[in-house]
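As structure tokens, the structure follows; a few thoughts come after it.
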Amino acid sequence: MKLGMTKCCQGRLAITALAGLGLALLGRPTPAQGAGNPLPHVVNENGHHALIVDGAPYLILGAQCHNSSAWPGLLPKVWPAIDALHANTLEIPVYWEQFEPEQGKFDTSIVDLILKEAREHHVRLVLLWFGTWKNGSPHYLPLWAKSRPDLFPRMMAKDGRRQVDSPSPFAPAALQSDMSAFSALMRHLRAADPLRTVIMVQVENEPGTWGGSVRDYSPEAEKAFAAPVPAELLQALGVKSGAGGNWQAVFGTNADEFFHAWSVAHFIGQVAAAGKAQYPLPLYVNAALRDPLTPGPAGTYETGGATDNVLDIWKAAAPAIDILAPDIYQNDSAKYRAVLEHYARPDNPLFVPETGGTGNGTRMCFAALGRGAIGWSPFGLDYTRTTQEALAPVGLNYRMLEPIMREVARLNFEGKVQAVEEETGQGTETLDFGAWRADIGFGASGRGASGNAPGNATPIGRALVAQIAENQFFVTGAYCKIDFKAASGGQRDFLQVEEATPVERTPHSAHNRKGAGAASAFHFFRIWNGDETDWGLNFGSAPQVLRVTLGAY
Ligand code: DGJ
């Protein structure tokens, strides 16, 4: 990893230097998304993950627009919200019905418009392929496909009726059509996006089946269900005794659910592989979740998708998918944390592509970062239905993280970031960094010690501490006090506490928009001292980022 990081950093310096040259030559800000940039990709090492963009780890400070906002007339309601949020990445759909209005004829005009406007706003994109599945249903199929239910069939329930509002994964013509359309999208991106504005693509949307049937009972599905479980799945699951057995024999009461997960994943894995063969961007699938603590039986949640109990099946069936990503709409923070634990695995980078975007839940961004997330992105943050006030809590997160987003991504990859969210009834947290301990006190103010902090009236606190060197840390937080203790027993001395320059977000501020581009760096703003440091480092509602150098006496 160290070698890779060195290369990354060299690339980063070179890109920074080029950007500076462009500035000097043209006398105006240079978009940071430079031509010839290496392909975005995901790296996994020692259980840590990074999304590499422009040759260096990148942290997705994301926002997803509403489902029907990716139309030219609506984009003016999207970009101002992204700018107000200080998001560095927009997640936005590409609709199959729009992209392939006639079979085999592709309309790339909206994708091209989104690319152009994203570059103007210095924002990266995650495109969402609304293809065969959207929330378990085939509602985004083009008209020409919808009118051929014989070729694009819905699933058959046990009673023999095709009345489940979910596509059958046993439909060769549908598979071929989806593969062809998704390939066309990726082929177009390869040609139209040398700047790597698009950094990742979601394949389908919350695939699987809601209600009606746990799996498909069509004749084709029944035949596959009665056949031996594929050997590669048995091997991936480490099931030694199942060779030759059919699904029922091998998986018993889980057979229907596991069979559906394999079938859906196998279909989507082929769509993903076809697209990747055209243009190998990172690909992910998002999942509608089951309850992570008390799941209930299959059928009470969407089956077939990448729920926490079938992640191994998905990994085996769809190797072209880099990330299985949870859409987290849990209000209960214990459940939210349990979801994060389920999806943060050595073989699966943690990425939250959808989550609640308002209220106290926004602090859970820090719960995700504390578990090594490569990104976090609330749903429905555009001005078609959301007000500026509602964006404020997420905006605070992003303004706190924006000046150091590259450093946080890099240090998280090195396992040196710890981040926490406030929990009701728990006023304090400690973070152990070996020679130093960071004490977080939520709701502590002024001269009060962080060690006996009462907590805020509602749990809105959040804090992040990232170790740069043995005695140096990036520190940011909201509604909390942060202080350090030396493990040696000596008295903590703030040798220097530097605050970063806040990142401007105006249409002409590209040169200062390090977060969205090739490089971000801690730009010195001022030194905190006196009242600002004598009683610990107090954070309120202002987005402030510090670089803290410690000593002991
Ligand atoms: C999850 C889906 O993935 C989104 O597209 C959207 O439908 C939200 N649910 C609910 O609004």
Side-chain angles (χ1 to χ4, degrees), residues 60 62-71 74-75 77-78 81-82 87 89-99 110 114 125-141 165-167 178 182 185 200-211 261 264-265 268 271-272 283-292 300-308 310 314 321 323-332 335-336 339-340 342-343 350-359 361-362 364 368 375-387 390-391 394:
I60 293 180
Q64 186 169 144
C65 64
H66 282 288
N67 286 168
S68 305
S69 297
W71 292 96
L74 273 299
L75 291 176
K77 290 190 182 294
V78 174
I82 299 304
T89 307
L90 168 67
E91 296 179 353
I92 187 163
V94 177
Y95 316 118
W96 189 2
E97 61 184 343
Q98 180 279 323
F99 186 71
I110 296 187
I114 292 170
L125 294 170
V126 170
L127 296 183
L128 317 173
W129 173 241
F130 282 13
T132 299
W133 281 268
K134 162 68 174 80
N135 295 20
S137 298
H139 298 174
Y140 282 84
L141 258 51
D165 189 14
S166 193
D178 199 340
F182 187 63
L185 172 63
M200 193 148 66
V201 178
Q202 177 186 294
V203 192
E204 318 294 339
N205 189 87
E206 292 194 348
T209 303
W210 281 107
V264 173
I268 294 174
V271 175
L283 302 177
Y284 74 96
V285 164
N286 63 331
L289 306 177
R290 60 180 204 155
D291 186 306
T300 58
Y301 52 85
E302 188 180 16
T303 53
T307 49
D308 64 75
V310 295
W314 265 82
I321 297 292
I323 303 175
L324 302 173
D327 289 352
I328 316 184
Y329 289 94
Q330 311 279 352
N331 289 325
D332 176 327
K335 291 186 179 180
Y336 202 115
V339 172
L340 296 174
H342 284 144
Y343 286 81
L350 180 60
F351 173 49
V352 182
E354 286 186 40
T355 190
T358 55
T362 52
M364 299 309 285
W376 185 86
S377 184
F379 175 81
L381 300 189
D382 63 40
Y383 288 149
T384 59
R385 285 198 256 155
T386 310
T387 62
L391 301 184
V394 175

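Whatever order the structure lists them in is the order used to number ligands and atoms, beginning at 1. Below, all heavy atoms of this structure are taken into account, side chains as well, without hydrogens, waters or symmetry copies.
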* Counting only N and O atoms by type, is there a donor-acceptor contact under 3.5 Å from the side chain of E97 to the main-chain atoms of F99? -> no
* **Contact check: N135 vs ligand 1, nitrogen or oxygen atoms, below 3.5 angstrom** => yes
* Structure fact -> The side-chain hydrogen bond (donor to acceptor under 3.5 Å, both in side chains) partner of S166 among N135, T209, T132, T303 is T209
* **Mutual orientation of the aromatic rings belonging to W129 and F182 [parallel < 30°, tilted 30-60°, perpendicular > 60°]** => tilted
For [X], counting its heavy atoms only, list the atoms of ligand 1 lying under 4.0 Å from any of them.
X    : result
N205 : 2 (C), 3 (O), 5 (O)
D327 : 3 (O)
E206 : 1 (C), 2 (C), 3 (O)

* For atom 3 (O) of ligand 1, the protein heavy atom that lies nearest, with its residue and separation -> E354 OE2, 2.6 Å
* **Whether K134 lies under 4.0 Å from ligand 1, heavy atom** => yes
* Validation row, ring centre F351 to ring centre W376 under 6.0 Å -> no
* Do F130 and H139 make the cut of ring centroids closer than 6.0 angstrom? -> no
* Asked: Looking only at non-hydrogen atoms, which of Y329, F130, F379 approaches atom 6 (C) of ligand 1 most closely?
  -> F379
* In terms of heavy-atom contacts, does CG of D332 have more than 12 from other residues, nucleotides or ligands at under 6.0 Å? -> yes
